[in-house]
Amino acid sequence: MKVAVYPGSFDPITNGHLDIIKRASKIFDEVIVCVLVNVDKKGLFHIDERVKLIEKVIKPYDNVKVESFNGLLIDFMKEKEAKVIIKGLRALSDFEYEFQMALMNNKLDSSIETVFMMTNAKYSYLSSSAVKQVAKFGGCIKGLVPDQIIPDIMNKINRG
Ligand code: ADP
């Protein structure tokens with residue numbers, strides 16, 4: 001069984017992320033979305049809230065599930081017996097960082113492959129931080145994130 005892990009911060013999940021998930025679910029037997037805890041970054045949503053938002057939007061995909069992990073991605077991969085990391089690539093700016101991460105992960109465990117999927121052109125400008133900025137200043141986030149989580153994002157922003 002080919003298990004792939006799609007890691008990230010997903011603070012919150014966007015249509016760009018969901019597009020990668022959908023496409024990956026057609027290629028692999030199972031896709032595990034992994035919300036990684038980043039001690040250097042304080043997010044808008046708590047890790048458990050991010051997982052809940054992802055759970056809401058992956059329901060249509062039977063072979064996709066979501067978990068969170070506090071630690072090295074490689075250790076999560078071992079736990080799940082997964083050998084493939086999926087990464088989405090947007091502009092050139094993503095390349096250098098992702099290139100470094102892929103080589104580092106391969107150095108830590110040479111049986112791990114990172115597979116890059118090109119962003120859908122529709123979402124190439126989209127990031128979680130851009131969504132948060134737009135929402136914070138009252139802009140419309142329809143089309144940027146799945147419709148069913150728009151109220152969750154607006155509530156969070158308005159409360160915070
Ligand atoms: P961000 O906060 O920048 O949205 P994440 O850490 O949550 O990023 O992203 C997780 C993964 O999803 C990374 O591999 C990232 O390159 C990818 N990704 C993020 N946004 C998009 C997008 N719009 N299209 C394709 N891939 C994306």
Side-chain angles (χ1 to χ4, degrees), residues 3-28 30-58 61 64-77 80 82-106 108-109 112-137 139-147 149-150 152-153 156-157 160:
V3 182
V5 172
Y6 179 39
S9 19
F10 305 103
D11 184 38
I13 186 166
T14 69
N15 280 341
H17 295 133
L18 192 57
D19 181 68
I20 297 284
I21 293 171
K22 232 188 269 181
R23 286 157 56 198
S25 74
K26 292 189 193 138
I27 302 173
F28 297 97
E30 182 174 50
V31 175
I32 308 173
V33 182
C34 179
V35 183
L36 283 172
V37 179
N38 181 344
V39 280
D40 298 331
K41 255 202 222 164
K42 192 180 166 342
L44 174 67
F45 288 95
H46 186 268
I47 299 293
D48 298 337
E49 294 174 320
R50 295 181 209 176
V51 168
K52 288 218 173 75
L53 294 182
I54 297 171
E55 273 168 356
K56 271 194 196 182
V57 303
I58 59 171
Y61 313 105
V64 180
K65 61 180 188 176
V66 58
E67 291 188 30
S68 62
F69 190 68
N70 189 353
L72 272 182
L73 176 59
I74 288 296
D75 292 329
F76 181 79
M77 305 283 295
K80 299 293 160 192
K83 295 288 177 199
V84 178
I85 300 171
I86 298 166
K87 287 294 188 120
L89 273 190
R90 280 163 296 193
L92 273 181
S93 52
D94 272 343
F95 179 80
E96 198 169 342
Y97 176 75
E98 296 295 354
F99 182 61
Q100 190 187 2
M101 291 292 288
L103 293 181
M104 176 59 86
N105 283 326
N106 189 262
L108 294 173
D109 182 342
I112 300 283
E113 283 294 343
T114 303
V115 171
F116 292 98
M117 298 182 71
M118 288 302 152
T119 181
N120 184 321
K122 276 197 297 201
Y123 304 127
S124 60
Y125 61 93
L126 193 51
S127 68
S128 297
S129 36
V131 168
K132 286 182 277 193
Q133 285 288 331
V134 171
K136 209 180 217 161
F137 295 109
C140 176
I141 57 171
K142 197 167 166 54
L144 306 183
V145 298
D147 282 346
I149 67 166
I150 292 179
D152 300 281
I153 297 171
K156 188 76 172 180
I157 299 258

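Counting starts at 1 for both ligands and their atoms, in listed order. Model, not experiment: these values are computed from the prediction.
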Does only the side chain of [X] get under 4.0 Å from ligand 1, or the backbone, or both, or neither? Count heavy atoms.
X      : result
Glu98  : side chain
Tyr125 : neither
Ser129 : neither
Asp19  : neither

Report task. Write down the atom of Asp94, the atom of Gly88, and the distance for their closest heavy-atom approach. Result -> OD2-O, 4.1 Å

[X] N/O to ligand 1 N/O under 3.5 Å:
X      : answer
Leu126 : yes
His17  : yes
Ser9   : yes
Ser128 : yes
Ile86  : no

Distance from [atom] to nearest protein heavy atom, with residue and atom:
atom                    : value
atom 12 (O) of ligand 1 : Tyr6 OH, 2.6 Å
atom 23 (N) of ligand 1 : Tyr123 O, 2.8 Å
atom 7 (O) of ligand 1  : Phe10 N, 2.9 Å
atom 24 (N) of ligand 1 : Thr119 OG1, 2.9 Å
atom 21 (C) of ligand 1 : Arg90 CD, 3.6 Å

Query raised in the report: Would you call the rings of Phe95 and Phe99 parallel, tilted or perpendicular if under 30° counts as parallel and over 60° as perpendicular?
Result: parallel

Enumerate the atoms of ligand 1 whose separation from the nearest heavy atom of [X] is less than 4.0 angstrom.
X     : value
Pro7  : 10 (C), 11 (C)
Lys87 : 14 (O)
Asp94 : 16 (O)

Query raised in the report: Does a salt bridge link Asp19 with Arg23, judged by any charged N lying under 4.0 Å from a carboxylate O?
Result: yes

Query raised in the report: Thinking salt bridges, do Lys80 and Glu67 make one under a 4.0 Å N-O criterion?
Result: yes

Report summary line: Which of Val3, Val5, Asn105 passes side chain to side chain contact (heavy atoms under 4.5 Å, CB included) with Met77? It is Val5

Query raised in the report: Quick one: does Val145's side chain get under 4.5 Å of Leu53's, heavy atoms only?
Result: no

Keeping [X] on the side-chain end and [Y] on the backbone end, is there a donor-acceptor pair under 3.5 Å?
X      : Y      : value
Ser128 : Pro12  : yes
Asn106 : Glu113 : no
Asn15  : Gly143 : yes
Arg90  : Thr119 : no
Lys132 : Gly43  : no

Query raised in the report: Considering only heavy atoms, which of Ser127, Gly88, Gly43, Ala121 lies nearest to atom 14 (O) of ligand 1?
Result: Gly88

Query raised in the report: In Å, rounded to the nearest 0.5 Å, how long is the span from CZ of Phe45 to CD1 of Ile13?
Result: 12.0 Å

Query - Ser124 touching ligand 1 at heavy-atom level, < 4.0 angstrom - result: no

